Asks: 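Below you'll find the structure I mean.
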Amino acid sequence: MVNIESTSNAIWWIKNPSAAKAGGGAGRKASLGSRFCLDMAELLRNISLQGYSKLLASELTLAERLIWLLVHTTTFISMVAVLLLTWEQFIAQYFVINLKDPLYPVENVPFPAVSICSNNRISMRAATRYALELQRNDPSPRELKHYLDMLKYLRKLYIPGDRDSDVDDYVNFQAFLDIFGTWSNETFFDTRRIMRMVTPNCRDYIMKCSLRNVDIPCFSEAAFQTSLTKYGPCCTFNGKNILRRRDFKNRYADSALGLTVVLNSSHADYLAPILNTNGYVVIIHDADNFASISSSNALEMFPGQRQESFLKIFARVIDTDKNLHSFSPFNRRCYFHSESNMRMMNSVYTFPNCITRCRIRSIIALCNCLPFQLPLDLVENLEGVVYCTLSHVTCLGQYQFKWNNVLTERLRIPGLERETEEALYCPQCLPSCNDIQYRVSMSELPIDTYLANLKPDEYNDTLLGSDLSVLRVFFGQPHAQLYMRILNNEWFEIFSTIGNILSIFMGFSLVAIFEALFFFCKYIYMGCCRIIDHSRANSKAKMLNARKLHICP
């Protein structure tokens, strides 16, 4: 007969180990608890893990067994601590962004939108025409200068945070506009219509355009169009992202091969400038995003008057592995363009537009109006929404700090508790998984250099008789940097790391894990069977008790 116990130490080869130890007690059924203790002792004697048999070795004294127990307890606690730290490290670095291609061809990078805004937000000529209209509508007409001075208050719609003492004056002027500056078909004063009317026209200060050193029509679908920015209506090039797809010949990686714009920077038409500069404003931004630096991913530059300005653009492209679609956005910390069911411009999710939409929601909730500069495409519900007027300037100025400081995640930083509470909180906004980040470097030369290089047939009275400025926008390098968001730790890396830790501390293997699972599953099954048998026995006893004949005296 083969001695099974001598041929293998594996616990599943031991036939009823408790029976061998029970000896003469075969006639008496042992309790489940006593059988568990006996089988647990057999498991410790025969398990494939190293050192556990020392706990029950008969040749060791009690002190030596306690030392082994202390060793195993310390090892187990250390192993659990190291596993927790390792798991936290895996979670913290679950997704990483690595540099994939430092020489990514720049022709594959979308050319950004270029918004040019005059520092003068109210044209003298347009304001004069509107002032004459107000003068005709006024039952008690006053001098034209009075209306022009009042129209300067519209400048406060761009900078509502200014503290001044003439609140009553512009609030009274707004009451006048609500009556005499509103068309018959308008329910409320249409601030956007009026501001579009008094804003300098793009055709008045953009004189000449060229792309790749070839003259193009300045005002066409493929060139400049009027669009809304944080500075109101401005002239935006590539606003519809037509230049997204290009070939090698259209890299725009040289000052002569990029976008060149000749501007009339004269101050003759100035009525209400908003910045302390004598030049103009250029905003470089993604064509899908609303042009506002407070929503991130937009860059402002301030070229000077009578200067030839060179704006070098450097791009960084961030892409995401398509296999990460299976993870939730809040785990991978980004949204793909097709995710997040929010009504966005061009039906594309972007982080700046999400911030703008969150800001719009807060403005409408706090001041019950919508600034005329902000796009309607990002408004969730247009019902009952009116454009902000001069009567809302006080409210808009009160919350400027809140709307200019945005948090997507709240962290407790000592000393900044108040700023954290007062900032705009937009936890639903996550970065875009596929994004392009631009960096801009600007240099300037006197306009004389540009005029000296003009060809004889390019001279004309219009150019020479104006205060010219020249803007050149181009990629500073023929390549960009491509980054890829990927899964940092694959399943086999986690598996091997955890396996190494278990092997170092406790000598774990798949066989040892199976032995332990077999043992505990066996007793879970036996316990369930005991419960079922006990329940059946109780049911039978109740049935027999119900069938008994009871004789009552």
Side-chain angles (χ1 to χ4, degrees), residues 86-113 238 241-248 250-253 284-289 293 295-299 312-342 344-355 406 408-409 426-441 474-498:
T86 304
W87 184 251
E88 289 178 359
Q89 184 180 6
F90 275 125
I91 294 298
Q93 299 180 356
Y94 207 50
F95 303 98
V96 294
I97 300 178
N98 292 336
L99 179 62
K100 182 180 180 180
D101 187 359
L103 300 177
Y104 187 68
V106 78
E107 60 268 18
N108 295 333
V109 180
F111 195 77
N238 192 34
N241 214 359
I242 295 178
L243 301 180
R244 173 181 289 274
R245 300 183 181 276
R246 308 187 308 279
D247 54 22
F248 178 78
N250 298 321
R251 292 185 297 171
Y252 308 141
I284 305 296
H285 60 98
D286 193 290
D288 294 326
N289 298 336
I293 60 169
S295 299
S296 81
N297 209 19
L299 303 170
K312 296 181 181 180
I313 300 174
F314 303 92
R316 181 171 65 176
V317 182
I318 299 177
D319 203 355
T320 299
D321 189 358
K322 295 181 180 179
N323 294 328
L324 300 188
H325 266 289
S326 58
F327 293 88
S328 67
F330 287 92
N331 283 339
R332 74 172 104 91
R333 304 297 299 166
C334 70
Y335 276 122
F336 285 100
H337 289 322
S338 58
E339 291 179 325
S340 180
N341 54 348
M342 294 189 294
M344 290 290 180
M345 298 171 65
N346 301 327
S347 300
V348 173
Y349 173 85
T350 62
F351 177 72
N353 283 347
C354 183
I355 295 296
V406 182
T408 59
E409 185 177 352
C426 304
Q428 74 278 9
C429 295
L430 296 176
S432 301
C433 292
N434 305 104
D435 195 14
I436 301 172
Q437 298 176 357
Y438 298 103
R439 180 172 58 88
V440 177
S441 173
F474 55 95
F475 283 110
Q477 295 177 345
H479 55 265
Q481 293 179 332
L482 174 62
Y483 290 82
M484 180 67 71
R485 181 183 281 103
I486 59 175
L487 189 65
N488 185 31
N489 301 302
E490 298 287 349
W491 67 269
F492 52 84
E493 295 176 322
I494 300 176
F495 185 78
S496 61
T497 301
I498 294 177

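None of these values were measured; they are calculated from a predicted model.
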Asks: Taking salt bridge (charged side-chain N to carboxylate O under 4.0 Å, His left out) as the test, write out the residues that go with Arg439, two or more places apart.
Replies: none
Asks: By the salt bridge (Lys or Arg N to Asp or Glu O under 4.0 Å) test, which pairs, at least two apart or in different chains, include something from residues 100-111?
Replies: none
Asks: List in chain and number order the residues that pass side-chain hydrogen bond (donor to acceptor under 3.5 Å, both in side chains) with Asp247, two or more places apart in sequence or in another chain; answer none if no residue qualifies.
Replies: Asn250
Asks: Taking side chain to side chain contact (heavy atoms under 4.5 Å, CB included) as the test, write out the residues that go with Pro431, two or more places apart.
Replies: none
Asks: Not counting sequence neighbours, which residues clear side chain to side chain contact (heavy atoms under 4.5 Å, CB included) with Asn241? List them please.
Replies: Pro110, Asn238, Arg244, Ala287, Asp288
Asks: What pairs with Phe111 under ring-ring contact (aromatic ring centres under 6.0 Å, His included), at least two apart in sequence or on another chain?
Replies: Tyr252, Phe475
Asks: Which atom pairs, donor and acceptor, lie under 3.5 Å between side-chain atoms of residues 315-323 and protein residues at least two apart or in another chain?
Replies:
| unit_1 | atom_1 | unit_2 | atom_2 | d |
| --- | --- | --- | --- | --- |
| Arg316 | NE | Gln437 | OE1 | 3.3 |
| Arg316 | NH2 | Gln437 | OE1 | 2.4 |
| Asp319 | OD1 | Asn434 | ND2 | 2.3 |
| Thr320 | OG1 | Cys433 | O | 2.6 |
| Thr320 | OG1 | Arg485 | NH1 | 2.9 |
| Asp321 | OD1 | Asn323 | N | 3.2 |

Asks: For Ser326, which residues count as a side-chain hydrogen bond (donor to acceptor under 3.5 Å, both in side chains) partner, sequence neighbours excluded?
Replies: none
Asks: How would you list, by chain and number, every residue that makes a side-chain hydrogen bond (donor to acceptor under 3.5 Å, both in side chains) with Ser432, sequence neighbours excluded?
Replies: none
Asks: Among residues at least two apart in sequence or on other chains, which ones pass side chain to side chain contact (heavy atoms under 4.5 Å, CB included) with Pro427?
Replies: Tyr425
Asks: Using disulfide bond (SG atoms under 2.5 Å apart), reason through Cys354 and Cys426 one step at a time and then give a plain yes or no.
Replies: CA-CA 9 Å; Cys354 183; Cys426 304; over 6 Å; no
Asks: Who are the ring-ring contact (aromatic ring centres under 6.0 Å, His included) partners of Tyr483, not counting sequence neighbours?
Replies: none
Asks: For Arg332, what residues pass the salt bridge (charged side-chain N to carboxylate O under 4.0 Å, His left out) criterion, not counting sequence neighbours?
Replies: Glu339
